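Structure record follows, encoded as structure tokens.
Along the sequence shown, the residues carry numbers beginning at 1. Side chains included, hydrogens not; waters and symmetry mates left out as well; all remaining heavy atoms used. Worth saying up front: this structure is predicted, and the values here are computed from it rather than measured.
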Amino acid sequence: SSDVCSSDLVMGRAALAAAASSPRLDVRVRCWFNPNLEFQWFFLPNLIGMLSFMLGLVVTGLSVAREREVGTFDQLLVSPATPTEIALAKLIPGCLVGLVHGTIFLLISVFGFGVPFTGSLVLLYVAPERLTTPRMLGQLDSLHERGLLSLVAIDEAHCVSQWGHDFRPEYLQLGQLAELFPNVPRIALTATADKRTREEIAQRLHLDQAERFLSSFDRPNIFYRIVPKDQPRKQLLAFLAARKGDAGIVYCLSRKKVEEVAEFLSAQGFPALPYHAGLPNELRAYNQKRFLNEEGLIMVATIAFGMGIDKPDVRFVAHLDLPKSPENFYQESGRAGRDGQPASSWLCYGLTDMVQLQQMIFDGDQDEVRRRVELSKLDAMLAYCETAGCRRQLLLAHFGETMAPCGKCDNCLHPPVTQDMTVQVQKLLSCVYRVSQRAAANHVIDILLWRESETVTSRGHQHLSTFGIGRE
């Protein structure tokens, strides 16, 4: 219904029209600001007309998206399946078949159960882990040999990129689809990929010669505000005071904090539900259903919540901790205002968040290359928080998009006071160098401020040339 949504639909139709008219065209890399819009409002109706009597393969790592489409098809059921259609469904165990405008849709169920519907066209939703099993590839090859495989759509394509913010090794195996089904059109889609990630998507999925469709990353209806942490719960309540009765999401870094904040908000008169991977499946599903169907609820969650969720009237997204990257922030804050109406993104951060996230990266089991990528993106996220410039301008620049200052973020409306701190930084770096770059931050501060602490004197650092120069 909004202009933003309409522009994405036009570009999406152009992408699939290109795929339909050119079977030799491998892929179109398309970035959507709203991946749910892509599937629910555009992707399915256009595939119906394009893939009649054939099977379209949709590879997605989002179980929520697969479940949601099953629900969509179930609502459109009008008649039972014919014996022929049931036999076709049995080609792949654990499937669901649904009727949409006279078309069959075949989906891999997340839970492995099957219910027959009717129609004449098949869509198969499958997770990348399952797709690359020998049995599944054999079944797809059988369909391909009979000319029944007409499109491969790879959702969340940024997961194939080691430079991307959400690398998943199993996505690397999807490159073999180009070799197995060379004449089948392929389309890769993502909502959060910077230029380097887009290049890696093309390279790893063998899409180097593919046509690309790229829409704007701008969400003009979202107001961005970032504040330093100072009694964060009190700050959150102040932010929510003008939004009582609105639906929103509050993101926290830890599961424990999620539960504590949800309980705190409920006690303060803001109905809130917790959501994180450690909760029982039944409780997570119950809370998610309530959030989607009831008005005015707040979901307090880790980043486990939100992927594949389509609730258009979310009026705000608040972060009580620093996100891991600009991509994560863009994706999470972008869950607000999908109806095109005014919405808010609010972030409360502290340097302790930075330390905690850095520790999580160093404690992880990723290789050194991936570790450097994650640290780089974390640095970029901190720079975004500390910028004195336009929030929207810097966020879009991360994705390679340029624009003038927006005039409607916190920094544009209330420009921060700035001053030249070059000399002070030079003194700091000089001191860090003279302690061999191995001292704790507090130790360096003590040296700069002429504090003869036990640590300083025991190391003889009171004799350094930088001792006390920070008082000037």
- Sequence neighbours left out, what passes side chain to side chain donor-acceptor pair (under 3.5 Å) with Lys195? Give chain and number order. none
- Query: In chain order, what residues pass the side chain to side chain donor-acceptor pair (under 3.5 Å) check against Gln366, with sequence neighbours excluded?
  - Reply: Glu374
[X] side, atom [atom1]; [Y] side, atom [atom2] - distance, nearest 0.5 Å:
X      : Y      : atom1 : atom2 : value
Leu273 : Arg284 : CG    : CZ    : 14.0 Å
Arg335 : Lys311 : CZ    : NZ    : 14.5 Å
Leu322 : Leu253 : CG    : CG    : 9.0 Å
Glu260 : Leu265 : CD    : CG    : 12.0 Å
Ile187 : Leu151 : CD1   : CG    : 7.0 Å
Met421 : Leu428 : CE    : CG    : 10.0 Å

- Item | Sole residue of His461, Arg438, Arg451 in side chain to side chain contact (heavy atoms under 4.5 Å, CB included) with His443 | His461
- After noting the C-alpha distance and the side-chain angles of Arg168 and Glu129, does the key distance pass the side-chain contact (heavy atoms from CB on, under 4.5 Å) rule? CA-CA 10 Å; Arg168 293 177 55 177; Glu129 300 90 337; 2.7 Å; yes
- Please work out which of the three classes, parallel, tilted or perpendicular, describes the rings of Trp450 and Phe467, given edges at 30° and 60°. tilted
- Test log, rule side-chain contact (heavy atoms from CB on, under 4.5 Å), inputs Val227 and Leu347: CA-CA 6 Å; Val227 298; Leu347 192 161; over 6 Å; no
- Query: Does the separation of the ring centres of Phe291 and Phe305 fall below 6.0 angstrom?
  - Reply: yes
- Query: Has the side chain of Asn221 got a donor or acceptor atom that lies under 3.5 Å from a matching backbone atom of Gln341?
  - Reply: yes
Can you give me every donor-acceptor pair (side chain of residues 239-250, partner residue at least two apart or in another chain, under 3.5 Å) with its distance?
unit_1 : atom_1 : unit_2 : atom_2 : d
Arg243 : NH1    : Phe239 : O      : 2.6
Arg243 : NH2    : Ser344 : OG     : 3.3
Lys244 : NZ     : Gly269 : O      : 2.8

- Query: Do the side chains of Ile303 and Lys324 get nearer than 4.5 Å, heavy atoms only?
  - Reply: yes
- Where do Asp410 and Arg225 come nearest, in terms of heavy atoms and distance? OD2-CA, 3.5 Å
- Message: Could you walk me through whether Glu401 and Ser216 satisfy the side-chain hydrogen bond (donor to acceptor under 3.5 Å, both in side chains) test, starting with their C-alpha distance in whole Å, then the side-chain angles of each, then the deciding distance to 0.1 Å, before giving a yes or no?
- Response: CA-CA 8 Å; Glu401 187 172 343; Ser216 174; 2.6 Å; yes
